[in-house]
Amino acid sequence: MSVISQDVRSGTKPDRNLALELVRVTESAALAAARWIGRGDKLAADGAAVDAMRLLLDTVPMDGVVVIGEGEKDEAPMLFNGERIGDGSPPIVDIAVDPLEGTTLTARGFGGALAVIALSERGSMFDPGPCVYMEKLASASEFKDLLNFDEPIGELIKKIGERKGGGAEEVTLTILDRPRHEEVVKEVREAGANIRFITDGDVQAALLAVSDDTGIDLLWGIGGTPEGVLAAAAIKCLGGEIIGKLWPRNDEERQAALDAGYDLDRVLTSQDLIDGDDVFFACTGVTDGDLLEGVRRSKGYATTESLVMRSRSGTVRKVGARHDRAKLREVTGGRYG
């Protein structure tokens, strides 16, 4: 729900590839979080990623405001909603961050944790307000016209299978492993499709669903609304589609959303979630996953692997980097390295 007029937005569009600046930010967060892999402390891992991300964000040439952050200012550690970041120079932009998508994955040493950031013109990002969760469907361009919440999931699976030249057995879904999904999981199994469960990390899952040759045809689930906005930013660069409906957790949250003017029956598309023409997305692997390698550390160096994207050009880069750990410790005050 933007309060920024189109006239304001039209004069503040980015004119350079800020994603190449943003990857330095996600690399920083990933390197810091990697020190906590498998140590059982997800808050410490998240705090390290936030601290490292903030350190680099202030060097990026932009006037940014966090629309999708980790909560309110008094809930440290986090990059809070409404925080101003960047060096204050143009362009004027919205920022979505998840310094560590997969805090539990990192704490337990599981694969698929990422450091994530997205950027678009000021006023273009959907602000979910009080709604923490949304129901989501995401798929590649080949199936995006089929996505809807009006028919049973089994019917959608059947149509995707037919388009693939077979039946439901040709379709693989990614679904968060949560008790709230039990009924739909039963429907998917009855339809004859395959399921690949994930414990966390539905930004990565959405990217896999819209990418070629991953073996994943569809993401379905009730997951974080902020993650939905981040996924939409990547999807605007990669292609494919994500749709969502806000999913209040209780009557209090539902009433708060209605009081704030949200339409809980509205189906949100990627364009609704990111209403911008020049979207930037960057993510760096923290732990090894299907999308990216995680941070690898040796005695003198650490390596990272990242994805860097821009919607206007449609360019997607995979960026590998080697970092001198001693120099990192020196320039970051020992925060990581």
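Everything numeric in this text was worked out from a predicted model, so none of it was measured.
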State whether [X] and [Y] are salt-bridged, where the test is any N-O pair (Lys NZ or Arg NE/NH1/NH2 against Asp/Glu carboxylate O) under 4.0 Å.
X      : Y      : value
Asp277 : Arg312 : no
Arg296 : Glu305 : no
Arg178 : Asp200 : yes
Asp145 : Lys159 : no

Mark yes or no for whether [X], through its side chain, and [Y], through its backbone, hold a donor-acceptor pair below 3.5 Å.
X      : Y      : value
Glu293 : Gly285 : no
Arg122 : Asp63  : yes
Asn194 : Glu169 : yes
Asp94  : Ser124 : yes
Lys42  : Ala107 : no
Arg35  : Leu31  : no
Ser211 : Leu208 : no
Asp87  : Met62  : yes
Glu155 : Glu151 : no
Glu101 : Asp202 : yes

key: Residue pairs, two or more places apart or on separate chains, that pass ring-ring contact (aromatic ring centres under 6.0 Å, His included) and touch residues 147-183   =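 Qualifying pairs: His181-Trp220.
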task = Please tell me if the side chains of Phe80 and Val66 come closer than 4.5 Å, counting only heavy atoms from C-beta onward.
result = no
What's the spacing between [X] [atom1] and [Y] [atom2] if we round to 0.5 Å?
X      : Y      : atom1 : atom2 : result
Leu207 : Ile216 : CG    : CD1   : 12.5 Å
Thr199 : Asp177 : OG1   : CG    : 8.0 Å
Ile95  : Asn81  : CD1   : CG    : 13.0 Å

message = Other residues, nucleotides and ligands only: do more than 12 of their heavy atoms fall within 6.0 Å of CG on Asp251?
response =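 12 or below, so no.
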inquiry  = Atom CZ of residue position Arg329 - does it have more than 12 heavy atoms of other residues, nucleotides or ligands inside 6.0 Å?
reply    = yes
query = Any salt bridge (Lys or Arg N to Asp or Glu O under 4.0 Å) pairs touching residues 224-248, not counting sequence neighbours?
reply =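 Non-adjacent pairs meeting salt bridge (Lys or Arg N to Asp or Glu O under 4.0 Å): zero.
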request  = Verify the distance criterion only: is there a donor paired with an acceptor across the side chains of Thr225 and Tyr133 at less than 3.5 Å?
outcome  = no
Check: Thr304/His323 side-chain N/O donor and acceptor closer than 3.5 Å =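 Yes - a donor-acceptor pair under 3.5 Å links their side chains.
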task = Check Leu307, Val23, Leu20 against Arg317 for a side chain to side chain contact (heavy atoms under 4.5 Å, CB included) and give me the one that passes.
result = Leu20
